[in-house]
Amino acid sequence: MLVKKIINDWDPINLFPYAPEDEYEEEVTQIEEYIRTASLDKHNLAKEIYTMFSEKFGSDIFTESLESCTNIANKILGLPHFIGYTLSKLRTYEWVRYNMFAREDLYHHTPGFYFRFLNPGKVYNELATCIDAFQGELQWKLYLGLETRNQNYSLEPYEVYQARLTDEYKKNYNLKGILGDKYNEICEKGINDIPSLSDHIEDWFNLVNKKPIFPDRD
């Protein structure tokens, strides 16, 4: 579903809004199969995307560049890791759960980033202020994990944070049940927010030109 959304938003041969939303279904399936079976390198994926569309539609219809395909490949491969990449410019991680959502199932769990900095100083307070100022499709919350022995922090949509505070959650940990009809919407809007939230953090702390220290992926 993530690949489908990215390809449909890109709309490389300008089919929408007049075509059905499954118009790129064959290409999406081919990309998803490539991701499952081949090297997850953005340049290789970009070449695969470029070749696929060029051979099927020809250069007179498909006019996107390899650079454009590289940007799409980067979105497909990098979206779950954007926040982890950005915050690694701010401090070194002592512990991190890198993926914000499950690429294979966008509704498996609500999007969130869970981490602990090494020698954080006052950065959590500064980061919390930054997150509170973010204006996206959702409101987000940075907080000290509710059940943590190691001072792990959580960055989640505010409604998810509120759900975790309820007695019902403390009994059965069932976020889907508590959030009800909002659950899927929160997953979708939260994933949509990730790039702009990442940009907001980079701008707030002036991180654009800083070199990241990459965390280990989970």
N/O donor-acceptor pair under 3.5 Å between T129 side chain and N125 backbone: yes
Point-to-point distance, once rounded to the nearest 0.5 Å, from CD of Q30 to CD1 of I7: 11.0 Å
Inter-residue atom distance L155.CG - I131.CD1, 0.5 Å rounding: 5.0 Å
Other residues, nucleotides, ligands: >12 heavy atoms within 6.0 Å of E21 CD: no
With F117, the ring-ring contact (aromatic ring centres under 6.0 Å, His included) member among W95, Y93, Y153: Y93
Over all atoms of both residues, closest heavy-atom pair of S154 and G145: OG-CA, 4.1 Å
side-chain contact (heavy atoms from CB on, under 4.5 Å) assessment of E126 paired with W204: CA-CA 10 Å; E126 297 170 5; W204 186 279; 5.6 Å; no
Pairwise distance OG(S88) to NZ(K210) - rounded to 0.5 angstrom: 10.0 Å
Identify all side-chain donor-acceptor contacts of residues 192-200 below 3.5 Å with residues at least two apart in sequence or on another chain.
residue : atom : partner : partner atom : Å
N192    : ND2  : E188    : O            : 3.4
D193    : OD1  : E137    : N            : 2.8
D193    : OD2  : E137    : N            : 3.3
D193    : OD2  : L138    : N            : 2.9
D193    : OD2  : W140    : NE1          : 3.0
S196    : OG   : D193    : O            : 3.0
S198    : OG   : T86     : OG1          : 2.4
H200    : NE2  : C130    : O            : 2.7

Cationic tip of K141 above Y158 ring, under 6.0 Å, 45° of axis: no
I178 and Y183, any side-chain heavy atoms less than 4.5 Å apart: no
Minimum-distance pair of heavy atoms, taken over all atoms of K4 and V28: CA-CG2, 3.8 Å
Contact check, side chains of Y114 and N152, non-hydrogen atoms, under 4.5 Å: no
Between NE2 on residue H108 and CG on residue L106, distance to nearest 0.5 Å: 12.0 Å
Atom pair CE (M100) and NE2 (H109), whose distance is rounded to the nearest 0.5 Å: 9.5 Å
No-hydrogen, no-angle side-chain donor-acceptor test under 3.5 Å, Y24 and D11: yes
Minimal non-hydrogen separation, L15 against E23, with atom names: CD1-CG, 3.1 Å
Nearest-0.5 Å distance that lies between atom CZ in F82 and atom CZ in F113: 13.5 Å
Heavy atoms of other groups near Q135 CD, more than 12 under 6.0 Å: no
Side-chain (T29) to main-chain (E25) donor-acceptor, under 3.5 angstrom: yes
Any L87 side-chain heavy atom under 4.5 Å of L127 side chain: yes
Selection residues 48-57 - residue pairs positive for salt bridge (charged side-chain N to carboxylate O under 4.0 Å, His left out), sequence neighbours left out: E26-K56, E27-K56
Near-ring test F57/F62, centroid separation under 6.0 angstrom: no
Sequence neighbours excluded, every pair satisfying salt bridge (charged side-chain N to carboxylate O under 4.0 Å, His left out) that has a member inside residues 160-182: E156-R164, E159-K182
Side chain to side chain, I31 and Y34, heavy atoms closer than 4.5 Å: no
Stepwise side-chain contact (heavy atoms from CB on, under 4.5 Å) test for R116 and V96: CA-CA 6 Å; R116 181 175 69 252; V96 62; over 6 Å; no
Nearest atoms (heavy-atom pairs only) where C187 meets P111: CA-CD, 3.8 Å
Co-membership, hydrophobic cluster, residues L90 and L118, 4.5 Å side-chain: no
N172 side chain to N174 backbone, donor-acceptor under 3.5 Å: yes
Other residues, nucleotides, ligands: >12 heavy atoms within 6.0 Å of E33 CD: yes
Note, L66 side chain near K47 side chain (heavy atom, < 4.5 Å): yes
Heavy-atom side-chain contact between Y50 and P12 under 4.5 Å: no
Short side-chain to backbone donor-acceptor contact, D105 and Y107, under 3.5 Å: yes
Beyond-backbone contact of L45 with T70, side-chain heavy atoms, under 4.5 angstrom: no
Side-chain heavy atoms of F134 within contact of I201, under 4.5 Å: no
